[in-house]
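Accompanying notes for the structure given below.
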Amino acid sequence: MIDIHSHILPNIDDGSENMEMSLAMLRTSVASGVTDIIATPHVNRHGVIPAWQTIEEKAEELKRAAQEQQIPIRIHTGAEIEFNGDVMRFLEKGSRDYCLAGSPYVLLEFTDQTQPDIAEHMLFALQLRGFWPVLAHIERFPQILADKERLLSWAEKGILYQCNAGSFTGYFGPKCQTRVEELYHNGLIHFLGSDGHRVEFRTTDLREAHEVLDKLAAKEKKESLWQQAEANAQFILKGRVLYPDVPQKWQKKKKGFFSRLFG
Ligand SMILES: [Fe+2]
């Protein structure tokens with residue numbers, strides 16, 4: 001598996017507090033079947049923009065420590081960028097700073113205040129600069145998910161959606177779970193991430209979500225989102241364009257859709 005969203009770098013945001021914790025988080029990732037993890041520290045949160053060089057240096061340090069400890073995982077650089085007008089100042093055309101694994105993909109985080117109309121203009125402006133937006137844990141933003149037509153039209157225009165694995169297990173509450181199920185039902189989840197911050201809570205552990213997704217796939221007799229998300233994430237690592245199919249119409253989730261999982 002490839003975890004495209006994590007806060008494993010020590011001492012840079014509200015994620016890992018030190019190298020020891022970072023290594024423990026990586027061990028959990030490996031136990032979850034993760035071979036590649038993208039470090040995506042918060043950038044532009046409350047206006048704080050760590051230098052790209054700092055992110056690269058911290059990732060190098062962690063790589064070295066993981067190697068010494070013989071933890072079999074590849075670490076890639078990235079960022080989770082809070083999405084407001086300021087991004088146009090530091091996401092410069094042609095630069096790959098703050099991008100995922102040196103690709104044109106950028107992981108963008110909305111806030112509760114994000115206005116869909118304004119976001120739309122900015123997303124397309126970023127695309128014109130050559131960036132390929134991935135929206136972080138889109139299931140957390142009811143104001144965005146309320147407009148299904150827009151959600152579909154963004155996907156049509158190449159905007160991609162990441163969801164947190166923990167949303168499938170109910171870790172982020174019943175509302176997030178319902179929303180992630182709707183997105184799943186509509187085939188609108190392109191990437192999965194742990195969004196892991198710590199070792200005791202909000203961890204990098206993906207095992208429970210993996211089990212939920214595989215059970216669901218077995219019941220529906222189709223490929224598990226676990227596999228699809230991994231295949232999709234390969235496009236990020238290779239810096240290749242991913243242009244998945246988008247449903248023509250939003251399908252309402254059937255009653256009891258997810259309860260069948262445990263039925
Ligand atoms: Fe995050």
Side-chain angles (χ1 to χ4, degrees), residues 1-83 86-87 90-91 95-103 105-111 134 136-137 140 162-167 169 171-172 191-210 230 233 236-237:
M1 186 45 144
I2 301 161
D3 184 353
I4 77 151
H5 183 165
S6 73
H7 299 268
I8 49 168
L9 295 186
N11 253 318
I12 193 164
D13 60 3
D14 60 345
S16 168
E17 289 175 328
N18 50 53
M19 187 57 82
E20 201 184 318
M21 188 182 282
S22 297
L23 292 171
M25 289 167 80
L26 290 178
R27 284 193 190 96
T28 304
S29 301
V30 170
S32 304
V34 172
T35 56
D36 293 80
I37 186 163
I38 308 183
T40 54
H42 291 291
V43 164
N44 198 31
R45 193 169 250 200
H46 311 302
V48 179
I49 304 170
W52 178 243
Q53 203 189 333
T54 307
I55 294 174
E56 285 186 314
E57 283 168 6
K58 282 191 178 279
E60 275 310 311
E61 252 176 73
L62 181 56
K63 272 184 211 175
R64 274 198 300 274
Q67 241 164 25
E68 273 167 30
Q69 297 285 316
Q70 299 184 326
I71 303 171
I73 193 164
R74 284 178 290 267
I75 299 160
H76 306 269
T77 50
E80 178 183 17
I81 305 162
E82 189 169 304
F83 196 53
D86 290 344
V87 299
F90 63 89
L91 288 179
S95 167
R96 291 291 167 252
D97 293 0
Y98 304 105
C99 290
L100 299 178
S103 74
Y105 291 95
V106 275
L107 184 66
L108 305 171
E109 181 183 35
F110 285 163
T111 69
V134 177
H137 39 63
R140 282 216 218 150
Q162 177 257 318
C163 287
N164 283 355
S167 296
T169 65
Y171 187 79
F172 294 100
F191 304 111
L192 292 172
S194 66
D195 197 7
H197 279 66
R198 295 293 163 95
V199 270
E200 318 83 16
F201 59 94
R202 294 199 69 184
T203 68
T204 48
D205 198 333
L206 299 175
R207 284 171 283 195
E208 200 185 334
H210 186 182
E230 177 171 20
I236 296 181
L237 297 188

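One-based numbering along the sequence shown.
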Checklist entry - Atom CD of Gln69 and atom CD of Glu20: how far apart are they, to the nearest 0.5 Å? => result 9.5 Å
Checklist entry - Any idea which heavy atoms bring Leu62 and Leu26 closest together, and the distance? => result CD1-CD1, 3.8 Å
Checklist entry - How close do Ala101 and His76 get, heavy atom to heavy atom, and via which atoms? => result CB-CB, 3.9 Å
Next on the checklist: Can you tell me how far apart OG1 (Thr35) and CD1 (Ile73) are? Round to the nearest 0.5 Å.
Outcome noted: 7.0 Å
Checklist entry - Asp3 and Ile8: side chain to side chain contact (heavy atoms under 4.5 Å, CB included), yes or no, with the steps? => result CA-CA 11 Å; Asp3 184 353; Ile8 49 168; over 6 Å; no
Checklist entry - With a 4.0 Å cut-off, would you call Asp195 and Arg140 a salt bridge? => result yes
Item to check | Listed partners of Phe110 passing side chain to side chain contact (heavy atoms under 4.5 Å, CB included), at least two apart | outcome: Phe83, Thr114, Ala119, Leu123, Leu135, Ile138, Phe141, Ile144, Trp154
Checklist entry - Quick one: does Leu192's side chain get under 4.5 Å of Leu206's, heavy atoms only? => result no
Checklist outcome for this item: In terms of heavy-atom contacts, Phe172 and Arg202 come closest through CE2-NE, 3.8 Å
Checklist outcome for this item: On a heavy-atom basis, the closest approach of Val106 and Cys99 is CG1-SG, 3.8 Å
Checklist entry - Do Glu109 and Arg45 sit within salt-bridge range, that is, some charged N less than 4.0 Å from a carboxylate O? => result yes
Next on the checklist: Looking at Glu82, is its backbone amide N or carbonyl O close enough to the side chain of Asn44 to form a donor-acceptor pair, meaning the two atoms are under 3.5 Å apart?
Outcome noted: yes
Next on the checklist: Could you work out, with side chain to side chain donor-acceptor pair (under 3.5 Å) as the rule, every residue matching Gln70, not counting sequence neighbours?
Outcome noted: none
Checklist entry - Ala24: what forms a side chain to side chain contact (heavy atoms under 4.5 Å, CB included) with it, not counting sequence neighbours? => result Val199
Checklist entry - With sequence neighbours left out, what residues match Thr40 under side chain to side chain donor-acceptor pair (under 3.5 Å)? => result none
Next on the checklist: With rounding to the nearest 0.5 angstrom, report the CG to OG distance, Leu9 to Ser16.
Outcome noted: 8.0 Å
Next on the checklist: Holding to salt bridge (Lys or Arg N to Asp or Glu O under 4.0 Å), I want the full list of residues that pass it with Lys63, two or more places apart in sequence or in another chain.
Outcome noted: Glu60
Item to check | Pairing residues for Asp13 by the salt bridge (Lys or Arg N to Asp or Glu O under 4.0 Å) criterion, not counting sequence neighbours | outcome: none
Item to check | Counterpart residues, salt bridge (Lys or Arg N to Asp or Glu O under 4.0 Å), relative to Arg207 (two or more places apart) | outcome: Asp205
Checklist outcome for this item: Heavy atoms of Ala136 and His5 approach each other most closely as CB-CE1, 3.9 Å
Checklist entry - What is the minimum heavy-atom distance between Ser103 and Ile236, and which atoms define it? => result CB-O, 3.4 Å
Checklist outcome for this item: ring-ring contact (aromatic ring centres under 6.0 Å, His included) pairs touching residues 46-75, sequence neighbours excluded, are Trp52-Tyr98
Item to check | Side-chain (Ser29) to main-chain (Met25) donor-acceptor, under 3.5 angstrom | outcome: yes
Checklist entry - With His210, which residues qualify under side chain to side chain donor-acceptor pair (under 3.5 Å), at least two apart? => result Asp214, Trp226
Checklist outcome for this item: Here the salt bridge (charged side-chain N to carboxylate O under 4.0 Å, His left out) pairs for residues 30-41, sequence neighbours left out, are Asp36-Arg74
Checklist entry - If only atom types and distance count, is the side chain of Glu80 paired as donor or acceptor with the main-chain N or O of Pro41 below 3.5 Å? => result no
Next on the checklist: If I take atom CD1 from residue Ile12 and atom NZ from residue Lys58, how far apart are they, to the nearest 0.5 angstrom?
Outcome noted: 5.5 Å
Checklist entry - To the nearest 0.5 Å, what is the distance between CD1 (Ile37) and OG (Ser6)? => result 3.5 Å
Checklist entry - Among all residues two or more places apart in sequence or in another chain, which pass the salt bridge (Lys or Arg N to Asp or Glu O under 4.0 Å) test with Arg198? => result Glu17
Next on the checklist: Using side-chain heavy atoms (C-beta onward) and a distance below 4.5 Å, is Asn164 in contact with Tyr171?
Outcome noted: no
Item to check | Set of side chain to side chain donor-acceptor pair (under 3.5 Å) partners for Gln53, sequence neighbours left out | outcome: Glu57
Checklist entry - When rounded to the nearest 0.5 angstrom, what distance separates CG in Asn11 from OG1 in Thr54? => result 12.0 Å
